[in-house]
Amino acid sequence: MALIYIVEDDDNIREIEEFALSNANHKVVGFACAADFYKKLDDILPDLCLVDIMLPDENGNEIVKKLRGRSDTGKIPVIMVTAKTTDLDLAKGLEDGADDYIKKPFSVMELISRVKALLRRTVEEDVSELKLDDLIINHIKREVSISGKPIELTFKEYELLSLFIKNKGIVLSRDTIMDRVWGTDYEGESRTIDMHVKTLRQKLGAYGNRIRTIRNVGYIIE
């Protein structure tokens, strides 16, 4: 059972999210505004947060940036819930540090699957270290560095990079990536993967060029 915080000002949507996740055996606490959410963070930290973008007192993107800027909340998985669907909107959320996003309207099963997948990967055991020349992934510390310089990645970017390096030289289909990183049979739009790969490439600098797009198939790291 995980402790999940929901920041959503729409009472109906928040109640649906709370009901669905409670029935999935999670402990859920809902907040209608950012101020109440921050107060609760000082009391106890959650295992995952669902954050709406449009809130009465603060934009959801700002909340995510503040979470990532704190040492105690920087690694908490965050799923953004949004009615905005343009590539620019989605990219902004990922760049600010969100690990995943769900577009309104969404199904209860999609919500549960996304949360389950994200939580599973926060506790999943793995090898202690992966390397690609001077790029090192330390799974014990959950840190990524290039030539000793730390690289800040979101949860999904971290999982994508780990998957790519584990399968260096192997073409990974979009279906495989969706299953292994998102951990669900949900048939998300291809841009879900594309947007995460785009931000990952940007953060990796020259190493980002080693992630190649295989047209109509998927991706490979070389």
Side-chain angles (χ1 to χ4, degrees), residues 1-83 90 92-104 106-126 139-143 152-160 162 181-184 186 192 196:
M1 180 179 72
L3 173 60
I4 299 174
Y5 287 174
I6 297 174
V7 191
E8 169 63 67
D9 63 320
D10 187 308
D11 294 341
N12 292 328
I13 294 177
R14 189 175 65 254
E15 288 173 5
I16 291 172
E17 292 172 339
E18 291 176 356
F19 180 77
L21 294 174
S22 294
N23 281 349
N25 297 318
H26 298 301
K27 182 178 180 181
V28 185
V29 182
F31 308 92
C33 64
D36 292 340
F37 168 67
Y38 289 134
K39 290 179 182 178
K40 191 63 176 179
L41 284 179
D42 293 332
D43 180 27
I44 183 171
L45 296 178
D47 298 299
L48 182 145
C49 295
L50 282 173
V51 180
D52 184 37
I53 288 185
M54 302 302 292
L55 295 167
D57 56 343
E58 187 171 4
N59 186 281
N61 290 323
E62 292 300 318
I63 293 178
V64 174
K65 287 195 288 187
K66 287 182 179 179
L67 290 176
R68 294 297 178 243
R70 289 173 48 168
S71 60
D72 58 342
T73 62
K75 298 297 183 181
I76 296 176
V78 178
I79 298 177
M80 300 203 76
V81 182
T82 174
L90 300 179
K92 183 67 167 62
L94 296 175
E95 289 171 359
D96 288 336
D99 298 293
D100 200 0
Y101 65 86
I102 299 178
K103 295 184 296 183
K104 297 177 183 178
F106 54 84
S107 70
V108 168
M109 290 307 300
E110 178 187 352
L111 172 65
I112 294 174
S113 294
R114 293 291 186 92
V115 168
K116 180 180 178 181
L118 199 51
L119 287 172
R120 184 174 65 193
R121 281 161 177 73
T122 61
V123 298
E124 189 177 70
E125 293 185 357
D126 212 329
H139 284 310
I140 295 177
K141 297 181 179 180
R142 291 195 69 82
E143 292 179 347
E152 293 295 328
L153 300 181
T154 67
F155 184 81
K156 276 293 187 290
E157 292 165 354
Y158 182 95
E159 292 299 315
L160 270 175
S162 296
V181 176
W182 275 261
T184 173
Y186 168 69
T192 300
H196 282 82

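Residue numbers count from 1 along this sequence. Treat the numbers as computed from the prediction; the structure is a model and nothing was measured.
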Determine whether Glu17 and Val81 satisfy the following criterion, side-chain contact (heavy atoms from CB on, under 4.5 Å), listing intermediate values before the conclusion. CA-CA 11 Å; Glu17 292 172 339; Val81 182; 3.9 Å; yes
d(Leu3 CG, Leu119 CG) to nearest 0.5 Å is 10.5 Å
Between Asp99 and Arg68, is there a side-chain N and carboxylate O pair less than 4.0 Å apart? yes
*Heavy-atom side-chain contact between Cys49 and Val7 under 4.5 Å*: no
Looking only at heavy atoms, the pair that brings Ala24 and Ile112 closest together is CB-CG2, 4.3 Å
Between Arg14 and the options Asn12, Asp10, Asp11, the side chain to side chain donor-acceptor pair (under 3.5 Å) test singles out Asp11
Is the closest side-chain heavy-atom distance between Val108 and Asn23 below 4.5 Å?
-> no
Determine whether Thr73 and Lys66 satisfy the following criterion, side-chain contact (heavy atoms from CB on, under 4.5 Å), listing intermediate values before the conclusion. CA-CA 9 Å; Thr73 62; Lys66 287 182 179 179; over 6 Å; no
Exercise. Heavy atoms, side chains only, cut-off 4.5 Å: are Thr192 and Tyr101 in contact?
Worked result: yes
Closest non-hydrogen contact found for Gly30 with Glu18 is CA-OE2, 3.1 Å
Quick check: do Val29 and Ile6 have side-chain heavy atoms less than 4.5 Å from each other? no
Output for pair (Lys75 NZ, Arg70 CZ), nearest 0.5 Å, gives 15.5 Å
Review point. Do Asp52 and Lys104 meet the salt-bridge criterion of a basic N to acidic O distance under 4.0 Å?
Key: yes
Check: Glu157 side chain, Thr154 main-chain N or O, donor-acceptor pair, under 3.5 Å: yes
Lys65, NZ: over 12 other non-hydrogen atoms inside 6.0 angstrom: yes
### Task
Answer yes or no: is there a side-chain heavy-atom contact under 4.5 Å between Tyr5 and Ile44?
yes
Practice item. State, with a plain yes or no, whether a side-chain heavy atom of Asp47 is found less than 4.5 Å away from one of Pro77. Key: no
Taken to the nearest 0.5 Å, the spacing of Ser22 OG from Glu15 CD works out to 11.5 Å
Side-chain contact, heavy-atom cut-off 4.5 Å: Ile63 with Leu55?
-> yes
When rounded to the nearest 0.5 Å, the distance separating OG of Ser107 from CZ of Arg114 is 9.5 Å
dist Leu67:CG -> Asp72:CG (nearest 0.5 Å) comes out at 9.0 Å
* Is there side-chain contact between Met80 and Asn61, with at least one heavy-atom pair below 4.5 Å? -> yes
Next on the checklist: Less than 6.0 angstrom separating the ring centers of Tyr158 and His139, yes or no?
Outcome noted: yes
Rounded to the nearest 0.5 angstrom, the CG-CG distance for Asp9 and Asp57 is 9.0 Å
